[in-house]
Every structure is written in C-alpha cells, then in structure tokens.
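The structure appears below as structure tokens.
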2 protein chains.
Amino acid sequence: MTIQTRRERERAERERLIVTAARELAEAEGWDAVTTRRLAAEIEYSQPVLYSHFKGKDAIMAAVAVQGCADLAAELRAARTAAGGIRESLAAVAQTYTSFAQRRPALYDAMFTHLVDLPFATEEAPAPLWDAFGELLLAVEPIAAEGDDPGLLTETFWACLHGLATLTRSGRLPEGAHESRLALLVGHFAG
Amino acid sequence: MTIQTRRERERAERERLIVTAARELAEAEGWDAVTTRRLAAEIEYSQPVLYSHFKGKDAIMAAVAVQGCADLAAELRAARTAAGGIRESLAAVAQTYTSFAQRRPALYDAMFTHLVDLPFATEEAPAPLWDAFGELLLAVEPIAAEGDDPGLLTETFWACLHGLATLTRSGRLPEGAHESRLALLVGHFAG
DNA sequence: CCCTGATTCTAGCATCGCTAGCGATTCTGT
DNA sequence: ACAGAATCGCTAGCGATGCTAGAATCAGGG
C-alpha cells in the first residue's frame, strides 16, 4: 500500500510541477511561449508525460486558471477586509481586481478570457472559482437595494470590472484614465 | 495610366474579396477554421497572395474587425434612433450591443477580444471605430451628470457591456439571466 | 520578336499539439 | 530468488499551422 501511495504522491507532485511551470512560463513570456515542448523541457520530462496528466494544453491552462482564482480570491479578501466602510470595500475590491488583471495578464487571460472548458456558473465549478466570486459577492451585497438579487448584482458588477480590465489592457481604452473610469463605475453602483 | 488604375482597381477588389471571405468563414465556422490555406482556396488564389495584401493573418483579422465596427455602428444607430426617450435609447443600445456580440461572436472577437495591433484610443484609429464609439456616446451623453466627462462615462459603460457580452458568451455567466443583468446595468447608469 | 519587369504559384521551412509503439523498469506470484 | 506481467516514460513521427524563398508565368515596350 505505501508503495502505491508513494507513487501517487510523486505523481501528484509532478502534476503540481507542471501547473506551476506553466503558470510561471506564461506569466514570464505569455501563453504563446507555453508550448508543450517548452513546458516538457521546463519540468525535465518528455512531452508525452503531459498528456498522462492532462487531456491537452487547454486542460493545463484550466488548471492554471483555477490556481489563479485562488490567488485572486486571496487578494480580494485582503483588500476587502482592510477597507473601512461599505463603499470603501467595494472600491478596494474593484481596484484590486483590475490591478490583478494588469499585473498578471497571462493568469487573468487563462481565468476569464481564454475559452476553456471549465464549468463556471454551475455547482461543479471548482471551489476557488466560487471563492473568488464569493469575495466579490461579500463586497457587493451591502450595496444591493432591497428587492435586488445580490448574486445577479454581483455578476453584473463583475462583468463591468472584467470589461474595464480587458479593454484597458488590450489598449482599447486609454490607460491613463483607468482610475477615473473605476471611480465612475463604483459611484454608479454604490452611489 | 488607365492600365495602372485598372490594376489597382482589380487589386483593391481582390483585397475586399479576402476580407469578405475571411469574415464569412469566421462567422460560419469560427476563427480557428480561418487558416491561410483555407482562405486562399476560398478566394481561388494561392496562399502567398494573402501576404502581398496583408502583413499576416492578424492584419486580415484587423481588417475584418474594422468592417465589423461599421456594422455595429449601423445597428447601434438604428436602435438608438428608433427608441423613444433617453433611458429607452440607452437600454436599446445596450440590448443591441450585447445582441450583436451574441449573434456574431467571431466578428465581435476580432473587434474587441483578439489582441490586434489596431490603433484604438488614438486619432489614427479607423473611422468605423470612432463611429461605433460615437453611437455609444450619443446614447450615454444625455444621462451624464453635470461635471461628468461624457467620453469617460461612455468608455465605462462600454466596458460594462463588453464584460457582460464576453462573460456571458464564454459560459462564465448563466445565459438565462442576461436580460436581468442588462436591466440592472442600465438602471444603475440611467437611474 | 525578344527582352524586361512585375506578379503569381510551387515547394518547403520551422513549429505547433498530439499519439503510436517500443524499451526499460518495477511489481507480482510461485 | 527468479520469471512473467504490467506499468511507465521515451523516441519518433503525423498532420496542420503561419509564413517565405525562388521558380515560373504573364504582361508591356523597344
């Protein structure tokens, strides 16, 4: 039995290694640089081992995305709990969210831009996804008017943040005025 | 001289053909199906002619994106002028925008999701881009509070629509409640 | 009629994601 | 302890991608 468990432990460790290497490589040089050959070289194994762990490159990206959601959830939680009032919490969360997208673009893309076959809005969604959404929910809930569904409001607010993050990062919105737009958004939701 | 002009005319015609074929193929089967070989076959020329017109596949996508902006601008204009009041115009424009993204996903991706080296927020941006933004501006301007920069507010509202469109289409937001989220957004901006 | 210049095509390169099939290594049963 | 069996990772290769170099073809001018 212990041999079996050691095998599984080593295997799990290697899987972790793959995901970590993929994330670091993506964050350093972008997802285009994350080829299966390059990734295999990075973990010092041959290409086909990747496919014994994941169905394909997309599945690896999905695993990275789940990790990223955990990171984002942690950052959001820290920002929210550090903020004072209701409106301040919302502003802090919004600021942290867009900052995350700008600081870690490759990670953000894997999470929310790249088309990936992760269950999202269902119960089968991985826990870190729910955690991240939950953090947004905790910040948005207090500003919901009576009769509003907080979940729906959170989804809407999230979408707004996502739009600001992606359009700004792709150069479709001038970067300089980002803070102003963020303030405008928070004002319209919490005002 | 007339020979020269005929040559140029034919060349321009072929360029138009390339962009149209690319757009139709993308809308029919998605951008993954738009390979240079497939596209060349579609226009009944060989592959390298594409590169005598465009720098590469990305440039072709950019050309398609500009066409798409013209289409979007036209749809937005129709929706806005058909609507009655200020709030109704905003709602109609929002509805039309997200509907466009859902009805023509490949086109929308080329315009606003795919990373493309088009000048966007500068004066060198192609006219259709400004037209589309201008339509949004005309709908948003009336609901701007005094002291608000209408341009900035439009950018923000646009980002919200973009976020809703992309997250819904990628399955990250449940599709059923889309209208509710749209109403929530319009309510928070025009309320 | 041949030459010159532009234009288009054939053929190929490097790289991509992914897979089949072999060799070696490790476990199992007697 | 040792032979058979099963698992594991590797080498090699497939089809397809974006893109390019050089041959071939066609037009116009002396």
Side-chain angles (χ1 to χ4, degrees), chain A residues 1-19 21-23 25-26 28-65 106 109-110 114-118, chain B residues 1-19 21-23 25-26 28-65 106 109-110 114-118:
Chain A
M1 185 63 104
T2 115
I3 285 179
Q4 190 77 1
T5 58
R6 192 212 60 197
R7 276 276 168 89
E8 288 176 8
R9 195 178 56 236
E10 286 178 352
R11 194 180 157 76
E13 177 64 22
R14 193 174 59 181
E15 187 156 318
R16 223 180 49 81
L17 195 66
I18 293 174
V19 176
R23 196 196 52 195
L25 193 51
E29 306 183 32
W31 280 108
D32 283 347
V34 185
T35 69
T36 56
R37 285 171 175 81
R38 182 89 184 270
L39 188 52
E42 210 76 34
I43 64 171
E44 297 177 315
Y45 278 91
S46 72
Q47 248 186 320
V49 292
L50 300 177
Y51 295 90
S52 73
H53 288 272
F54 299 95
K55 191 180 162 191
K57 187 184 172 181
D58 283 354
I60 298 177
M61 289 188 67
V64 172
D109 278 349
H114 193 84
L115 196 48
V116 81
D117 57 350
L118 263 180
Chain B
M1 186 62 106
T2 114
I3 286 178
Q4 190 78 1
T5 57
R6 192 210 61 198
R7 278 274 170 89
E8 288 174 7
R9 195 177 56 236
E10 287 177 352
R11 194 180 158 76
E13 177 62 24
R14 194 174 58 180
E15 188 156 317
R16 224 180 49 80
L17 195 66
I18 292 174
V19 176
R23 195 196 53 194
L25 193 50
E29 306 184 31
W31 280 108
D32 283 348
V34 185
T35 69
T36 56
R37 284 171 175 81
R38 183 88 185 271
L39 188 52
E42 211 74 35
I43 64 170
E44 296 178 316
Y45 279 91
S46 72
Q47 249 185 318
V49 291
L50 301 176
Y51 296 89
S52 73
H53 288 271
F54 300 95
K55 191 179 161 191
K57 187 183 173 182
D58 283 354
I60 297 177
M61 288 186 67
V64 172
D109 279 350
H114 193 82
L115 195 48
V116 81
D117 58 350
L118 264 180

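Order of the sequence lines sets the chain letters (A, B, ...), proteins ahead of strands, with each chain counted from 1. These numbers come from the heavy atoms of this one structure, side chains and all, not from hydrogens, waters or symmetry mates.
When the side-chain nitrogen and oxygen atoms of A:T36 are compared with OP1 and OP2 of C:dG17, one or more of them lie within a distance under 4.0 Å.
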Quick one, A:R38 with A:E29, criterion salt bridge (Lys or Arg N to Asp or Glu O under 4.0 Å). Give me CA distance, side-chain angles, the key distance, then yes/no. CA-CA 12 Å; A:R38 182 89 184 270; A:E29 306 183 32; 2.8 Å; yes

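With rounding to whole Å, B:L39 atom CG is found 14 Å from D:dT17 atom C1'. Counting to the nearest Å, the P atom of C:dT8 and the CD1 atom of B:I18 are 10 Å from each other. The NZ-P distance, from B:K57 to D:dA16, rounds to 15 Å in whole Å. Look at OH on A:Y51: it is 17 Å from P on D:dC14, rounded to the nearest Å. Regarding B:H53, its NE2 atom lies at a distance of 15 Å from the P atom of D:dC19, rounded to whole Å. The distance between atom CG of A:L50 and atom P of D:dG9, rounded to the nearest whole Å, is 11 Å. Distance OH (A:Y45) to P (D:dC10): 7 Å, rounded to an integer number of Å. Protein atom CD of A:E10 is 12 Å distant from nucleotide atom C1' of D:dC8, rounded to whole Å.
Between A:K55 and A:D32, the residue anchored closer to the 5' end of DNA chain C is A:D32, taking for each the nucleotide with the nearest heavy atom. Projected onto DNA chain C by closest heavy-atom contact, A:A33 and B:S46 fall at different nucleotides, the more 5' of which corresponds to B:S46.
Contact between B:I43 and B:A21 at its shortest, heavy atoms only, is CG2-CB, 3.8 Å.
Side-chain to base pairing of A:Q47 with D:dC10: no donor and acceptor N or O lie closer than 3.5 Å to each other.
Out of C:dC13, C:dC9, D:dG13, the shortest distance to the side chain of B:R37 is found at C:dC13. Comparing C:dT8, D:dT20, D:dC10 by their closest approach to the side chain of B:R14 singles out C:dT8. In the set C:dG17, D:dG18, D:dT11, D:dG18 carries the atom at the smallest distance from any side-chain atom of B:T35.
For A:E44, the CD atom is loosely surrounded, since the number of other residues' heavy atoms within 6.0 Å does not exceed 12. Counting heavy atoms of neighbouring residues, nucleotides and ligands inside a 6.0 Å radius, atom CZ of B:R14 exceeds 12 of them. Residue A:R11 places its CZ atom among more than 12 non-hydrogen atoms of other residues, nucleotides or ligands, all under 6.0 Å distant.
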